[in-house]
Amino acid sequence: MKREALHKEVIEINGIDHQLFKYYEESGELSHALNKARTRKTGKNLDHLAEEIADVELRLEALKVIFGVEGATKQWKKHKTKRLKKRKR
């Protein structure tokens with residue numbers, strides 16, 4: 001099953017509000033893990049950071065499906081990547 005289909009199924013089962021709540025929750029957990037990894041760079045903290053990044057990335061994929069902005073997000077990422085390349089000079 002492709003991830004988009006999986007997200008649609010989960011959204012249908014749990015609802016949009018639940019998905020939004022989970023995004024907020026995971027974002028907070030990522031902030032906490034990032035702060036720990038920044039101050040104490042142990043293998044355990046870095047592994048936890050990677051886990052939380054994965055959680056947030058999955059929730060972001062769900063948000064793109066919920067709001068139908070997959071294509072627009074892809075275009076914005078291209079635009080912002082080009083801008084980042086210009087700014088690094």
Next on the checklist: Holding to salt bridge (charged side-chain N to carboxylate O under 4.0 Å, His left out), I want the full list of residues that pass it with Glu25, two or more places apart in sequence or in another chain.
Outcome noted: Lys22
May I have the list of side-chain donor-acceptor pairs in residues 62-80 shorter than 3.5 Å, sequence neighbours left out?
unit_1: Thr73; atom_1: OG1; unit_2: Val69; atom_2: O; d: 2.6

Checklist entry - Looking at residues at least two apart in the chain, or sitting in another chain, which of them share a side-chain hydrogen bond (donor to acceptor under 3.5 Å, both in side chains) with Thr42? => result Asn45
Interatomic distance, [X] atom [atom1] to [Y] atom [atom2] [nearest 0.5 angstrom]:
X: Leu58; Y: Leu6; atom1: CG; atom2: CG; answer: 8.5 Å
X: Glu57; Y: Leu30; atom1: CD; atom2: CG; answer: 9.5 Å
X: His18; Y: Ile16; atom1: NE2; atom2: CD1; answer: 12.5 Å

Checklist outcome for this item: Applied to residues 19-65, the ring-ring contact (aromatic ring centres under 6.0 Å, His included) test, sequence neighbours excluded, yields none
Item to check | Hydrophobic cluster membership, Leu49 vs Leu60, 4.5 Å side-chain cutoff | outcome: yes
Next on the checklist: I need the full list of salt bridge (Lys or Arg N to Asp or Glu O under 4.0 Å) pairs touching residues 36-53, with sequence neighbours left out, sorted by first then second residue.
Outcome noted: none
Can you give me every donor-acceptor pair (side chain of residues 7-15, partner residue at least two apart or in another chain, under 3.5 Å) with its distance?
unit_1: His7; atom_1: NE2; unit_2: Glu61; atom_2: OE1; d: 3.1
unit_1: Lys8; atom_1: NZ; unit_2: Glu4; atom_2: OE2; d: 3.4

